[in-house]
Amino acid sequence: MPRYTPATIEPKWQAYWDEHQTFRTPELPPAGQEKLYVLDMFPYPSGSGLHVGHPEGYTATDIVCRFARMNGKCVLHPMGFDAFGLPAEEHAIRTGEHPRTNTETNIKVFTRQLRMLGFSYDWSRDLATTDLEYFRWTQWIFLVLFDTWYDADQQKGRPISELPIPAEVRSQGEAAVRKYQDEHRLAYQSDALVNWCPELGTVLANEEVIDGKSERGSHPVVRLPLRQWMLRITAYADRLEKDLEGLDWSPGIKKLQSDWIGRSVGAEVDFFVGQSSPTLRVGQASPAKVEFGKSAETNNPEFDAWKAARAKSGFPKKPGEDVLRIYTTRPDTLFGATYMVIAPEHPFVARLTTPEQKTAVEAYVQAAASKSDRDRQDVNKKKTGVFTGSYAINPVNHEPVPVWVADYVLWGYGTGAIMAVPAHDERDFEFAQQFGLPVVAVVDPGDISEVEVYPKPSQVLSTQYSVPSTPENATPTTTHHSPLTTHASPRQSVLNGQACFVGEGVSINSNGYNGLVTSDFKRRITADLTTAGLGREAVNYKLRDWLFSRQRFWGEPFPILHELDAAGNPTGLIRAVDEQELPVDLPHLDDYKPAGAGPDGLPAPPLAKAPAEWLYPTIDGKKYRRETNTMPQWAGSCWYFLRFIDPKNNQRFVDPAKERAWMPIDLYVGGAEHAVLHLLYSRFWHKVLFDRGHVSKPEPFQKLVNQGMILGENGEKMSKARGNVVNPDDVVRDYGADSLRLFEMFMGPLEAVKPWSTAGVVGVRGFLDRVWRLIVDDKAEALKLNESVQNVAPTDEQNRTLHKTIKQVTSDIQRMEFNTAIARMMEFTNFFTKETVRPREVLDKFVLILSPFAPHIAEELWQLLGHKQTLAYEPWPTYDDALTKDAEIEIPVQILGKLRSKVVVPAGSDQASLIAAARSDARIAELLTGKEIVKTIVVPGKLVNFVVK
RNA sequence: GCCAGAGUGGCGGAAUGGCAGACGCGCUGGAUUCAAAAUCCAGUGCCCGCAAGGGCGUGUGGGUUCAAGUCCCUCCUCUGGUACCA
């Protein structure tokens, strides 16, 4: 009995496509043919195999590709593997087996599973980031980064040889020049704090540290600075943000990236602290209040001299030792700065600490250093901090302001120091309340509601606030604040310093600047500070430079050599491995366990255990030690889409002509979990390659779509622990690959999160069974056409159904609304199942529109309908719009907006005839008697609505 | 906290401001069958009603409109992201 048996027809067609190289893509799109580059985010080949979440995006892109081929496009649709990664390394540590062995096994499983689903990839372009011939070029790109500096004037990455060397550096000789260059490269070394667990002998990721202990084994973890490779992505922050504009990405993802980059515009301002250490002691600073901008003298000669000098010299690029430089987005609140805070890591901490405060400050800094970032950044905890004992002078009103150390100020952002304006910043307010620091309002919020102030009065009234005891010298002016009372208006509370308001308003308590609205004030004071040499406009980014090295084995080795002196000690000079020497392969190791501490007592990566012949090459008589860090997993995925264009090229990473022809990627589909990092890193590399002339487009991913996660049948995230993981192998075995593909698309919108449902798979399988029976005689002994399939012309109604279906499926695919496209095809099937005569030409066309979704059954039916070749390149069926229109349509008739009847009228009836038809309807006529019609709304083709009295 | 997205039958979900619930699952009834499976046909938001028909209905409360799931405001819930970025 020729029933629909996917288990036999699916492998049959996969073999056919393979044998005929149906989806082999030409090197270059032929002249006159439009190209389409459609890319899936390539998977990490985990040991657990493909997950039903993977085929969601893959099926969507496959439909787009198959549709595009049938519409005459030349399609590039490749697949590969992001194969470096921690799980393989952990497996290697446990078993002693080389991670490559395990990785290759997993890739085989993934490949089998992907092929089983009938995706139209050009498998000849298959690659893995762990292939020697692939990471050779990853290393090569790293060397491009290493060879590039960012010219801020031209806003462009340029060769390091073009970096202007200041005369004073040049005069210090060759070594100084090289160090100067190294400081300016996009790939540079820097000390970064790592989580080092001496017990485990390894460096841990932030997620692996809990409460200062290692997640595994609960061993103590210390934070220590380690020489790390960094990539200067911050140089490209502006371009990475601005270029988002031209991309066809969802606004949500663009915003996510933009927020991650976190550009803010404000001002840098220098607060004078004096030269000696520490200078402005309590009581020593008592400058007379003056109006900023007037050249009145204070009674602090040191300060006066500094200010005068600044007026002449202007604002220096680098702050001197005599000032604390702060960054603020609210220079208009300078007059409300009642204290300052510097980060515990700030280099001035020791200098600014008075002898009386020394013990407290040192203890605080020590405690902060031992805490993980995670613990420090817990916003729910109470603010902590300690007074240094020193004061700085507010440059605008010459008031002394106490300098505190607190970990709510981050060393990594801005200048690591802030002016605190508790009246207009929630964090500063909280801190001021905690330590009894004064709150001076400088922005009049005007008439506001209580939701705009912090804390909301209700919050204060419910929790009794107690003023903690503070060091006696902590409060230059003793103004303790009582909780908000119910009587005070929100505005009054702000003006009294009892609440904080972060919005914009009109300035007060700001001497000559009173009465300005926030935006004007910002502009004015920034300009005035610039003139006085006390500040300038500044831009800051939340984005940090990319920590690019890992102390792991299973990653790309850095193609970098550290020069050694005669005694075998590093000279501090580095050089790149020659391009012709690439790739630098991973060395043989006896085991993959962490290397523990190196000879210097610092954490050593596994590659430090490499044999000497690998580790210590000699070039031109000079001895070197190889870099032993490896690159992070992100590296390989930063450029794989370029290699797919020219995967076998052993001269270049990609041929320029091919790159120009295929880029950019027209559609990129993947999970939203990569919305920030992968896409940002990738775009960054691409821009560097663009600046250096290696690629032709500034952006790689023109259109991006994020598929939603597929949950388990119980609505929870799929996981082994929850026991709700669905294995595609099982689904294919029980229902077939076409059913799996169809169901993945039928579940709901591609971008939505949606639960798996076995019953749903059964449903779409039922649909395919019906399609099969529509064409195949399933009662016959042999495979033959259903008797209803005849070589006759379709009836008008059949034709209308066909053309409507083609029209809707076509537009649904173009909008990537696959779920409704499938619904339309189900309607088609339901209609034709009832037809006892089914014109062959109609079924031909239907099979073609079904084929992108369910390619195996479509090929099989296409063959049965008498066609000799694959349908993969058959022209997509066209529709005649005139044939999609019904002759008569049903129009709803409403009275006062409520549906009261329906009338059938000829399509295209004009307003007058619609009204006539509606009024002649018996029920409407009855309801209208005795009523006055105030207004009649007629939407031709849609409805009639009588508004009556 | 903040940002983004989402709340529609028993379930997954459809709906350029114009007939809410397409399509699928499930359920009910029927045909076929000795019987069952499979298949085919019909019905299926809730309430009242024998029916004709009526009322109510897209998280909550308000608003705009002849007309609101859709637009505006308030609040609630869920999901994801993020975490003191001055």
Side-chain angles (χ1 to χ4, degrees), chain A residues 3 250-253 255-256 259-260 262-264 266 326-330 333 337 340-341 373-374 376-381 383 406-410 412-421 424-428 430-431 454 502 540-544 672-673 675-676 706 708-709 711 715 717 742-743 746-749 751-764 766-767 769-770 773 778-779 808 817 819-827 829-830 833-834 890-902 923 934-939 941-948:
Chain A
R3 292 185 42 197
S250 74
I253 297 290
K255 187 166 186 306
L256 218 56
D259 286 351
W260 189 266
R263 181 188 150 98
S264 71
I326 61 100
Y327 172 72
T328 177
T329 53
R330 291 295 299 271
T333 60
M340 296 178 81
V341 181
D373 285 351
R374 204 152 272 223
R376 269 175 65 166
Q377 292 180 356
D378 182 5
V379 259
N380 297 319
K381 79 168 179 42
K383 296 242 178 317
D407 65 3
Y408 82 92
V409 169
L410 310 175
Y413 182 80
T415 58
I418 63 157
M419 64 168 188
V421 185
H424 305 292
D425 181 285
E426 288 182 14
R427 297 150 303 183
D428 297 344
E430 206 182 303
F431 191 85
Y454 173 87
V502 301
N540 256 299
Y541 301 93
K542 287 190 198 177
L543 183 70
R544 309 293 157 83
E673 67 273 19
V676 177
N706 289 113
M709 200 183 0
L711 306 173
K717 212 178 242 180
L742 215 46
F743 178 63
F746 188 60
M747 292 169 83
E751 306 197 52
V753 175
K754 36 206 182 279
W756 185 261
S757 153
T758 302
V761 188
V762 174
V764 292
F767 162 63
D769 280 323
R770 283 160 72 83
R773 286 193 298 269
D778 68 330
K779 302 216 170 54
Q808 291 173 338
E817 291 171 6
N819 53 334
T820 50
I822 294 166
R824 299 289 87 85
M825 291 189 286
M826 287 171 166
E827 285 176 321
T829 307
N830 292 343
T833 296
K834 290 184 195 116
E890 198 182 48
I891 295 289
V893 182
Q894 301 182 333
I895 293 176
L896 280 171
K898 283 190 187 272
L899 177 70
R900 291 303 167 185
S901 187
K902 293 174 185 180
R923 187 158 164 72
V934 186
K935 197 173 170 186
T936 306
I937 314 280
V938 184
V939 183
K942 286 288 183 190
L943 64 35
V944 177
N945 185 11
F946 295 106
V947 184
V948 300

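Reckoned from all heavy atoms, side chains included, excluding hydrogens, waters and symmetry mates. Every chain is numbered from 1 and lettered A, B, ... according to where its sequence line falls, protein lines coming before strand lines.
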For [X], answer base if it contacts any base atom (sugar-phosphate contacts may also be present), sugar-phosphate if it contacts only those atoms, and nothing otherwise; contact means non-hydrogen atoms under 4.0 Å.
| X | result |
| --- | --- |
| A:E426 | nothing |
| A:T328 | sugar-phosphate |
| A:Q894 | base |
| A:P749 | sugar-phosphate |
| A:V421 | nothing |

In the structure shown, which nucleotide is the Watson-Crick or G-U wobble counterpart of [N], with both distances under 3.5 Å?
| N | result |
| --- | --- |
| B:rA6 | B:rU77 |
| B:rA83 | none |
| B:rA67 | none |
| B:rG21 | none |
| B:rU44 | B:rG26 |
| B:rA37 | none |

Rounded [atom1] spacing from [N] to [M] in Å:
| N | M | atom1 | answer |
| --- | --- | --- | --- |
| B:rG18 | B:rA67 | C1' | 7 Å |
| B:rC71 | B:rA22 | C1' | 24 Å |
| B:rA83 | B:rA4 | C1' | 15 Å |
| B:rG21 | B:rG10 | P | 15 Å |
| B:rC66 | B:rU60 | C1' | 26 Å |
| B:rG9 | B:rU74 | C1' | 28 Å |
| B:rA35 | B:rG49 | P | 38 Å |
| B:rG62 | B:rA68 | C1' | 14 Å |

[N] OP1/OP2 closer than 4.0 Å to side-chain N/O of [X]:
| X | N | value |
| --- | --- | --- |
| A:N819 | B:rC23 | no |
| A:Y408 | B:rA86 | no |
| A:T820 | B:rG13 | no |
| A:R770 | B:rC40 | yes |
| A:K898 | B:rC56 | yes |
| A:R773 | B:rC40 | yes |
| A:N830 | B:rA22 | no |

Atom-to-atom span, [atom1] of [X] to [atom2] of [N] - whole angstrom:
| X | N | atom1 | atom2 | answer |
| --- | --- | --- | --- | --- |
| A:L896 | B:rG55 | CG | P | 12 Å |
| A:K754 | B:rA6 | NZ | P | 14 Å |
| A:F743 | B:rG13 | CZ | C1' | 11 Å |
| A:K942 | B:rA20 | NZ | P | 13 Å |
| A:E673 | B:rG81 | CD | P | 9 Å |
| A:N945 | B:rA68 | CG | C1' | 13 Å |
| A:M826 | B:rG13 | CE | P | 15 Å |
| A:L899 | B:rG55 | CG | P | 11 Å |

To the side chain of [X], which of [options] is closest?
| X | options | result |
| --- | --- | --- |
| A:F746 | B:rG18, B:rC84, B:rG24 | B:rG24 |
| A:K255 | B:rA4, B:rA15, B:rG18 | B:rA4 |
| A:E817 | B:rA15, B:rG18, B:rC84 | B:rA15 |
| A:R824 | B:rC40, B:rC3, B:rA22 | B:rA22 |
| A:K834 | B:rC40, B:rA42, B:rG24 | B:rA42 |
| A:V939 | B:rG54, B:rG18, B:rC40 | B:rG18 |

Distance, nearest 0.5 Å, that separates [atom1] of [X] from [atom2] of [Y]:
| X | Y | atom1 | atom2 | answer |
| --- | --- | --- | --- | --- |
| A:T758 | A:F743 | OG1 | CZ | 8.0 Å |
| A:M826 | A:F746 | CE | CZ | 4.0 Å |
| A:E430 | A:D425 | CD | CG | 10.0 Å |
| A:T833 | A:R773 | OG1 | CZ | 8.0 Å |
| A:T415 | A:N540 | OG1 | CG | 8.0 Å |
| A:I253 | A:E751 | CD1 | CD | 8.5 Å |

Original post:
Is any side-chain heavy atom of A:I418 closer than 4.5 Å to a side-chain heavy atom of A:D428?
Top reply: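 Yes, their side chains come closer than 4.5 Å.
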Query raised in the report: Would you say A:N945 and A:T936 make side-chain contact, with heavy atoms under 4.5 Å?
Result: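 No - every pair of side-chain heavy atoms lies 4.5 Å or more apart.
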For A:E827 and A:V762, find the nucleotide of RNA chain B closest to each by heavy atoms; which residue's nucleotide sits nearer the 5' end?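 First, find each residue's nearest nucleotide; the 5'-ward one identifies A:E827.
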- Nearest-nucleotide 5' precedence on RNA chain B, A:S264 against A:K935: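 First, find each residue's nearest nucleotide; the 5'-ward one identifies A:K935.
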So, is B:rG30 syn or anti if syn means the angle is within 90° of 0?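 Anti, angle beyond 90° from zero.
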Worksheet item: Is a donor-acceptor contact shorter than 3.5 angstrom present between the side chain of A:K902 and the base of B:rC19?
Response: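 Side chain to base: pair present.
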Query - Side-chain donor/acceptor contact of A:K383 with base of B:rC84 under 3.5 Å - result: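 Between B:rC84 and A:K383, which were checked side chain against base, a qualifying N/O pair under 3.5 Å is present.
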- Query: Between the side chain of A:K754 and the main-chain N/O of A:P749, is any donor-acceptor distance below 3.5 Å?
  - Reply: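 Confirmed, A:K754 side chain pairs with A:P749 backbone.
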